[in-house]
Amino acid sequence: MLALKILIVEDDNVSALLLKKALEKNHHEIIGVAATGEEALDIMEEEPAELVMMDINLGGELDGIKTTEIINEKFDVPVVYLTASSDEETLQKIAGTNPSAYVIKPFNIRELNMMIELAIFKDKKEKELQKLNNELEEKVRQRTADLNEANKELKKALEKEREIGELKSKIVQNVSHGFKTPLTSILSSAQLLQIYSEKDHPMKGKLMKHSRKIENSVRNLNNLLTSVLFFGKADANKIDYKPSRFFTAAFFNEVIDVVKANNDKDVAIDTTFENVPKTLKSDTDLLYQVFENLLSNAVKYSKNKGHVEFAVKVKDDIMVATIQDDGIGIPEKEQSQLFDRFFRAKNVGITEGSGLGLSIVKKCVEVLKGEITVQSKAGKGSTFTVKIPID
Ligand code: ADP
């Protein structure tokens with residue numbers, strides 16, 4: 001048998017006493033008898049009951065129904081109404097507060113017990129239902145969040161695909177354009193060479209000039225193709241770090257020789273090496289790309305008879321290299337895009353280029369786990385600084 005802590009709210013003393021006796025006989029504990037709604041709420045604040053027997057017609061500000069509304073809101077315990085009348089109006093009023101049960105006075109003990117058990121049963125079921133409902137809501141919330149997350153991922157993937165699509169068409173456009181100029185040059189130089197070779201007068205100078213033009217154009221095309229192939233690999237994450245031990249002097253001499261051979265500008269490259277060991281361990285292919293591109297740019301964007309300072313020093317297992325030129329510089333506004341693919345500053349004039357070199361440098365430095373910074377002023381020159389960890 002259920003034994004509950006019950007609060008009686010009843011303004012008629014005799015009825016309250018009778019009810020108390022009847023409930024105690026059934027092993028319930030009466031935690032208080034309140035004559036008004038206010039008193040009932042005070043008792044509940046001090047020691048909440050497990051069930052409230054509530055007379056509907058109470059004297060005072062709060063009647064039974066209003067008191068029940070407050071109890072429902074604050075304490076969440078079942079309330080059994082006590083009422084003397086079972087007319088339609090009273091029943092409607094009662095129904096509005098969702099009582100657990102109600103007892104019509106006068107009542108007998110059997111009926112009272114039945115109603116209490118019914119109230120507790122209803123309350124239990126309601127709480128179970130509420131719990132299920134909460135769980136269901138939580139599940140729906142979780143699923144909605146998962147769905148939103150999946151949606152976001154999908155959007156991101158689509159966005160990436162769109163970006164890749166745009167980049168691909170940009171590459172095709174730029175590469176086609178990059179092919180056109182040297183191809184026209186190759187064609188006209190080759191035609192002129194044919195004409196000169198047919199004629200019988202001394203065309204040695206012109207033959208030299210045009211064969212050099214052909215050589216340069218083919219080299220440009222080759223560089224362009226190398227860059228495109230590099231990005232194909234980079235986008236597929238296939239640029240790996242493959243370290244090997246190499247002779248530093250031989251390596252840097254080769255880079256400088258190639259840079260000089262590829263540029264016919266009269267620009268001096270001065271080198272300073274400080275604390276650089278005879279051999280170093282790193283990925284020479286990646287290092288080659290970094291220094292070849294940076295030194296070529298320094299020469300290419302220098303004025304005639306300009307100077308390029310190339311300094312390398314090693315400290316605390318970090319190789320710090322600076323490539324400084326006194327050339328055209330990079331306008332400040334454009335410097336943030338310097339490492340973007342196909343970027344070329346507005347002040348390059350007729351100097352040829354694909355706008356791919358620095359983005360290749362950036363990628364290589366990334367794979368080498370290094371960093372690159374630049375300081376430049378339009379018209380004054382640029383200094384690129386590369387820091388690369390070495391073994
Ligand atoms: P490009 O083939 O055009 O030289 P890069 O990617 O190597 O392509 O360089 C991108 C742009 O950055 C160049 O077009 C040029 O505007 C600018 N730039 C790079 N290096 C220098 C430099 N040393 N001096 C001036 N401008 C430079």
Side-chain angles (χ1 to χ4, degrees), residues 167 170-171 173-182 185 216-235 239 255-256 258-260 262-271 286-312 321-367 371-386:
L167 192 69
K170 209 168 167 187
I171 289 176
Q173 239 179 38
N174 278 273
V175 170
S176 324
H177 184 78
F179 266 77
K180 273 206 146 110
T181 322
S185 185
N216 274 343
S217 297
V218 172
R219 192 172 286 130
N220 283 345
L221 286 178
N222 199 31
N223 285 346
L224 189 61
L225 283 181
T226 311
S227 304
V228 171
L229 288 174
F230 177 89
F231 283 119
K233 260 174 115 180
D235 289 343
I239 309 271
V255 181
I256 294 166
V258 171
V259 171
K260 279 184 177 160
N262 288 349
N263 283 282
D264 19 278
K265 255 190 173 165
D266 184 13
V267 174
I269 302 179
D270 300 328
T271 52
L286 298 175
L287 284 182
Y288 185 90
Q289 300 258 31
V290 172
F291 293 117
E292 202 271 327
N293 273 301
L294 292 177
L295 283 166
S296 288
N297 279 351
V299 173
K300 192 162 78 167
Y301 297 109
S302 278
K303 293 153 196 159
N304 235 357
K305 299 220 180 312
H307 264 97
V308 171
E309 301 275 346
F310 179 35
V312 185
T322 52
I323 296 104
Q324 183 179 3
D325 65 65
D326 49 7
I328 61 168
I330 303 144
E332 208 182 323
K333 279 202 293 216
E334 296 181 86
Q335 285 179 16
S336 60
Q337 308 160 62
L338 202 59
F339 296 99
D340 292 352
R341 285 183 204 181
F342 302 114
F343 166 77
R344 303 207 70 211
K346 291 211 171 66
N347 63 340
V348 292
I350 55 160
T351 310
E352 282 184 12
S354 62
L356 289 173
L358 284 186
S359 41
I360 290 179
V361 169
K362 178 113 197 281
K363 181 73 200 176
C364 293
V365 170
E366 221 175 273
V367 179
E371 55 184 77
I372 179 164
T373 50
V374 61
Q375 274 184 315
S376 183
K377 216 169 165 95
K380 296 267 184 238
S382 313
T383 304
F384 285 82
T385 305
V386 189

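Just so it is clear, the values below take in all heavy atoms, side chains as well, and ignore hydrogens, waters and symmetry mates. Owing to the predicted nature of the structure, the values given are computational and were not obtained by experimental measurement. Just so you know, ligand 1 is whichever comes first in the structure, and atom 1 is the first atom listed for that ligand.
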4.5 Å side-chain heavy-atom contact, [X] and [Y]:
X      : Y      : result
Ile330 : Lys377 : no
Val386 : Glu371 : no
Val312 : Phe310 : yes
Glu309 : Thr322 : no
Phe384 : Asn293 : no
Leu294 : Ile372 : yes

Notebook entry, point to check: Under the ring-ring contact (aromatic ring centres under 6.0 Å, His included) test, which residues partner Phe339, sequence neighbours left out?
Noted result: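 Testing Phe339 for ring-ring contact (aromatic ring centres under 6.0 Å, His included), a comparison that skips the adjacent residues, returns none.
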Using distance alone, determine whether [X] and ligand 1 share an N or O pair under 3.5 Å.
X      : answer
Ile328 : no
Leu338 : no
Ser354 : yes

Heavy-atom contacts with [X] under 4.0 Å: which atoms of ligand 1 show up? List them by number with element.
X      : answer
Ile330 : 25 (C), 26 (N), 27 (C)
Leu358 : 5 (P), 6 (O), 7 (O), 9 (O), 12 (O), 19 (C)
Leu356 : 6 (O), 8 (O)
Lys300 : 1 (P), 2 (O), 4 (O)
Ala345 : 14 (O), 16 (O)

Check: How far apart are the closest heavy atoms of Lys303 and Gly327, and which atoms are they?
Finding: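 Closest approach of Lys303 to Gly327, heavy atoms only: NZ-O, 3.9 Å.
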Next item on the list: Taking all heavy atoms of Thr351 and all of Lys300, pick out the closest pair and write down the distance.
Entry: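 What the structure gives for the nearest pair is CG2-CG, 3.4 Å.
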Item checked: Closest to atom 8 (O) of ligand 1 (judged by heavy-atom distance), picking from Gly355, Gly353, Ser359 ->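 Shortest heavy-atom distance from atom 8 (O) of ligand 1: Gly355.
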Notebook entry, point to check: Can you tell which of Asn293, Asn297, Asp326, Val308 gets a heavy atom nearest to atom 7 (O) of ligand 1?
Noted result: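 Closest candidate by heavy-atom distance is Asn297.
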Ligand 1-proximal atoms of [X], by part, heavy-atom distance under 4.0 Å:
X      : answer
Glu334 : neither
Leu294 : neither
Val348 : side chain
Ser382 : side chain

Nearest protein heavy atom to [atom], by residue and atom, and its distance?
atom                    : value
atom 23 (N) of ligand 1 : Asp325 OD2, 2.9 Å
atom 4 (O) of ligand 1  : Tyr301 OH, 2.6 Å
atom 10 (C) of ligand 1 : Phe343 O, 3.2 Å
atom 3 (O) of ligand 1  : Arg344 NE, 2.5 Å

Note to self: I'd like to know whether NZ of Lys265 has more than 12 heavy-atom contacts from other residues, nucleotides or ligands below 6.0 angstrom.
What the structure shows: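 Buried by this count: over 12 neighbours within 6.0 Å.
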Donor-acceptor contacts under 3.5 Å from residues 220-233 side chains, at least two apart:
from   : atom 1 : to     : atom 2 : distance (Å)
Asn220 : ND2    : Glu352 : OE1    : 3.3
Thr226 : OG1    : Asn222 : O      : 2.7
Ser227 : OG     : Asn223 : O      : 3.0

